[in-house]
Amino acid sequence: MKKGDHLFLVDGSGYIFRAYHALPPLNRKSDGLPTGAVLGFCNMVWKLMQDSRNTDVGITPTHFAVIFDYSSKTFRNDLYPEYKANRSAPPEDLIPQFGLIREATRAFDLPCIEMEGFEADDLIATYARLAREAGGDATIISSDKDLMQLVGPSVGMYDPMKDRQIGVPEVIEKWGVPPEKMIDLQALTGDSVDNVPGVPGIGPKTAAQLLEQFGDLDTLLARASEIKQDKRRQSIIDNADKARISRDLVTLKIDVPVKEGLDDFVLQPPNGPRLIGFLKAMEFTTLTRRVAEATSTEVAEVEAASLVIERADAAHGPDVGFPSTPAARSSAAKAAGNGAAEPAGGPDSANKDGTTPSLLSALRAEAAVAEKINVDAYSCILDLPTLQAWVAEAREAGLVAFDTETTSLDPMQAELIGFSLATAPGRAAYVPLGHKSGRGDLLGGGLLEGQIPVRDALAALKPLLEDKSVLKIAQNLKYDLVVMNRHGIDVVSYDDTMLISYVLDAGTTGGHGMDDLSEKWLGHKTLKFKDIAGSGKRFVGFDQADLKQATAYAAEDADVTLRLWRVLKPRLAAKGLASVYERLERPLVPVLAQMEQRGISVDRQILSRLSGELAQGAGRLEDEIFQLAGSRFTIGSPKQLGDILFGRMGLPGGSKTKTGQWSTSAQVLEELAAEGHELPRKIVDWRQLTKLKSTYTDALPGYIHPETKRVHTSYAMAATSTGRLSSSEPNLQNIPIRTSEGRKIRTAFIADKGNKLVSADYSQIELRVLAHMADIPQLRQAFADGIDIHAMTASEMFSVPVEGMPSDVRRRAKAINFGIIYGISAFGLANQLSIPREEASDYIKRYFERFPGIRDYMDSTKAFARENGYVETIFGRRAHYPEIRSSNPQHRAFNERAAINAPIQGSAADIIRRAMVRMDSALAEAKLSARMLLQVHDELIFETPEGEVEATLPVVRSVMENAAMPAVNLAVPLQVDARAAHNWDEAH
DNA sequence: ACAGAAGCTTA
DNA sequence: GTAAGCTTCTGTT
């Protein structure tokens, strides 16, 4: 082996297990021999060996070997007898495949390497070292984290199932430490699968942070006393020996006395007949044909190889090689019945899109109006003068559809790959900027030649996007706005087809994504992103896409956006919805884009401390739960839990879920706990702790942006039926507050140094909106007087004076008030209050007697919805309920409740939208530098310099309290409570 | 690897 | 009883 040579080392054993679990089971047709993993293996190896067409890895191997584990017993068992002790036996239908895969390796003429006493990983480590020392490179075909310690400048990894390169940056991204520290990291975290102990309470996040702080494991153990957190320090001091043993266990041996040398691994051209003989015997028809073509072999002339199938565990019976479990048999039958070529799927899928013929014909009629779309007619712009000509053309036209292509759905992470423009239907172009050349080094190719330099292209584009006399049209503009903002470009004068569609059609079937809209309005099926850039394991990224295809896809997006705009924009005015779009949607786009870009500071230390506490609490509860249950089980499995509670322990079951399982919901468990059962209480507590840990303390740090060090959520403007926003990745609209434990998570949301967080929230905004809309005198009066609204309701209903009212009476009234907003039903109220349905029914009756205006409002809203198919907020936003006329009483009732709720929830959503749109200019006018960061439906969070807090609070309150005006003069005052503090918990 | 169910968090 | 999003487990591919 010499410089420039490249060794591929396939982790054969690792691949067998992954292929077995990831791929559908497959059985040889003639006798049912399980062969799924074998086929996966053969496909993968064949792909890797095909040098000239090997675009996946981007490198050509000169040397190739497949490495296997020899037996489960290795030198590590002498170090630590429990090593890999809790491994269970492999599945029955996998056993015969071990031998077949070795057989396959030989059929490929590849060295099949294994050695007694050593794991495959040690052999891989040794050969990787030998290749490096010989001046060559090595690529390990595996995704096992145990091998990541080997990654370096001349050693890479490649995950064939996800089609992903793993180099130094990927290791750092995944584990937070460079490859050379992986050993220390694994020594600390341990590995439950392999029974490597590690240090209890230390997970990957903590381990990475400790290694960052102390450098390496030895230093950490020597200076453990300096660790601030009491529990963590103690655990590390107490378990130093375990950490050292773990390190020995995870350290791969790079000096195994191997028998074969690298020269034995030189890759030979495939021996067609031998390989085909094996593939034929396996009955892999497609692969056989492919190999025959590539090696110019005549399939018919090759005889299928005769194979000796290794026996599965003899104790399981004589019919070795056949699937003997019922599940395996049925999948064998399925495979045989369907045939290999025919995809599964029944004839019933024809009806799945829910399209009725009448709707379809209407859509076709529309489509006929639209001109045909030809995706091969677009231009690909590769020089500056042409781009400048397109910019001039857009100026001339006064409008241009615009779209960006990037590397990520998250605009804060996305790198610009190109952009497209359209100036008239069918006239669209794509400007590639960051496409990579297919081939290159391990980490992907270099920049494709012939593209306009990003700086030049953006310099040409910037004046166009910032020109207020040219209308920019985009689909989901907020995304492109964030991307362009990050390149110093500010887009003004724009329309957003997604938002126009949302205003027109919120709640109708079908989403507001471009693919849906194109089909609905243009009758045109767009190219799919995944067909250009791949998806799942075949994802390669848009920057790897072929330029011709990329042009067709990207320019089509701009073309379709422009055509959609021409269809949709006029409809706004026609339906009287222009002001909803112009006041509540369009101006919010840059506001949200800024909030997303600002992000909020989250204190890692606080979260990691909480995470440790939660782990301890959950661990203790787990022990107690197992004690009480009398056995160990997966507490998180409702199925297993139900079996224990209602089966083995014989507790009375409450309700059932729709799949017929006993429900183990918190409500059921609370009831059992109230009857004095110990276990359900502990389950509820355990669930609380593990929920907080997994959803919040463990997940949030992963969202901290590497550069800004802040958390940037993403707001969806067109996701809800009512006009509310939604927040995702991460969802910052469901951060805990109800319990004191959960609340602690809010203390991790903090203001930057010298700043405070301001939280301002509307008090009872939905009830106030209801009081206005339904015009209820008592409610209006109570809000005008600032009286406790739930107490007032209770007083009216139960004739109890507000003074000295029992808390339970108020609680019931509060539940009823909420119920009204949700379109109350006796069933729901009974559930909420745990009272008989008759009693709930009686409450509702009394409520309507005292507040007849509410019943009138509900009835008229239902009637309006049935008549028109939609309901409206006080600002004219529509929410559609096309199924409110359903003949299914349950379904209809559900739609009625939703229709009653939508104007209330939606009006409140509109009000806070109006406040948000006005907020920035109001703050600027008052010369305040407060920055709006978050919205949580009825609350806004700001970050503001400490010195400006007092001046900021009244401005924020005033904007929010007056947000409905002048469009609507509410009959009820809005009240906003605002507070400032260092963290979100104290500010709220 | 992926989808659906169950469960839990918020307003 | 309204509106959302995320995690875990489980069965299927």
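What you see below is based on every heavy atom in this structure, not just the backbone, and it leaves out hydrogens, waters and symmetry mates. Letters A, B, ... are given to chains in the order of the sequence lines, protein chains preceding strands, and every chain is numbered from 1.
- Across all non-hydrogen atoms, the minimal contact from A:I941 to A:W984 is CD1-NE1, 3.1 Å.
- To the nearest angstrom, C1' of B:dA11 lies 13 Å from CG of A:L767.
- The minimum heavy-atom distance between A:I16 and A:A37, with the atom names listed, is O-CB, 4.1 Å.
- Look at CD on A:Q667: it is 13 Å from C1' on B:dC8, rounded to the nearest Å.
- Residue A:A902 is out of contact with every strand shown, counting any heavy-atom pair closer than 4.0 Å.
- Here the P atom of nucleotide B:dA11 and the CG atom of A:N817 are 18 Å apart, to the nearest Å.
- If you check every strand for non-hydrogen atoms under 4.0 Å, A:E766 touches nothing.
- Below 30°, between 30° and 60°, or above 60°: for A:Y870 and A:H880 the angle between ring planes is between 30° and 60°, a tilted geometry.
- Of the inter-residue distances, the one linking A:H937 atom NE2 with A:S726 atom OG reads 8.0 Å to the nearest 0.5 angstrom.
- Counting heavy atoms of neighbouring residues, nucleotides and ligands inside a 6.0 Å radius, atom CZ of A:R811 exceeds 12 of them.
- If you take CZ of A:R743 and C1' of B:dT10, they are 13 Å apart, rounded to a whole angstrom.
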Side-chain donor-acceptor contacts of residues 814-829 of chain A below 3.5 Å, not counting sequence neighbours, with atom names and distances?
unit_1	atom_1	unit_2	atom_2	d
A:N817	OD1	A:Y847	OH	3.3
A:N817	ND2	A:H790	ND1	3.0
A:N817	ND2	A:T793	OG1	3.0
A:S825	OG	A:G828	N	3.0

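- Counting any heavy atom pair closer than 4.0 Å across all strands shown, A:I821 reaches no nucleic acid atom.
- Under a 4.0 Å N-O distance rule, the pair A:D643/A:K639 does not qualify as a salt bridge.
- Scanning residues 685-696 of chain A for heavy-atom distances under 4.0 Å to DNA chain B yields A:R687, A:K691, A:Y696.
- Look at CD on A:Q640: it is 14 Å from C1' on B:dA6, rounded to the nearest Å.
- For C:dT10, one of the phosphate oxygens OP1 or OP2 lies less than 4.0 angstrom from a side-chain nitrogen or oxygen of A:S637.
- Atom CD of A:E986 is surrounded by more than 12 heavy atoms from other residues, nucleotides or ligands within 6.0 Å.
- As a whole-Å value, the separation of A:R746 CZ from B:dT9 P is 13 Å.
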Donor-acceptor contacts, no H, no angles, side chain residues 732-742 of chain A, under 3.5 Å, sequence neighbours left out:
unit_1	atom_1	unit_2	atom_2	d
A:Q733	OE1	A:S727	N	3.2
A:Q733	NE2	A:Q935	O	3.0
A:Q733	NE2	A:Q935	OE1	3.1
A:T739	OG1	A:Q688	OE1	2.9
A:T739	OG1	A:G742	N	3.0
A:E741	OE2	A:K744	NZ	3.3

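- A salt bridge is absent between A:E961 and A:R768; no separation between the charged side-chain nitrogens and carboxylate oxygens falls under 4.0 Å.
- Summary of the strand contacts: A:F894 and A:K639 both lie near DNA chain C, and taking for each the nucleotide with the nearest heavy atom, the more 5' one is attributed to A:F894.
- Rounding to whole angstrom units, CG of residue A:L641 and P of B:dC8 are separated by 10 Å.
- Ranking C:dA4, C:dT2, B:dG7 by closeness to the A:S663 side chain, first place goes to B:dG7.
- Taking the salt bridge (Lys or Arg N to Asp or Glu O under 4.0 Å) definition, one finds that A:R681 meets it with A:E670, A:D685, sequence neighbours left out.
- Looking at every heavy atom in both residues, A:T722 comes nearest to A:Q905 through OG1-OE1, 2.7 Å.
- Closest to the side chain of A:I824, from the set C:dT7, C:dG1, B:dT10, is C:dG1.
- Within 4.0 Å (heavy atoms only), A:A830 reaches no atom of the nucleic acid at all.
- When heavy atoms are screened at a 4.0 angstrom cut-off, A:T720 is found touching the sugar-phosphate backbone but no base atom.
- Heavy-atom distances under 4.0 Å link DNA chain B to no residue of residues 906-913 of chain A.
- A:A666 comes within contact range of the sugar-phosphate backbone alone, with a heavy-atom separation under 4.0 Å but no base atom that close.
- Shown for residues 722-736 of chain A: residues whose heavy atoms fall under 4.0 angstrom of DNA chain B, namely A:R724, A:Q733, A:N734, A:I735, A:P736.
- The distance between atom CG of A:D93 and atom C1' of C:dT13, rounded to the nearest whole Å, is 14 Å.
- Considering every non-hydrogen atom in both A:W686 and A:A618, the closest pair reads CD1-O, 3.5 Å.
- Among the protein residues, A:G636 comes within range of the sugar-phosphate backbone only, with heavy atoms under 4.0 Å from sugar or phosphate atoms but none that close to a base.
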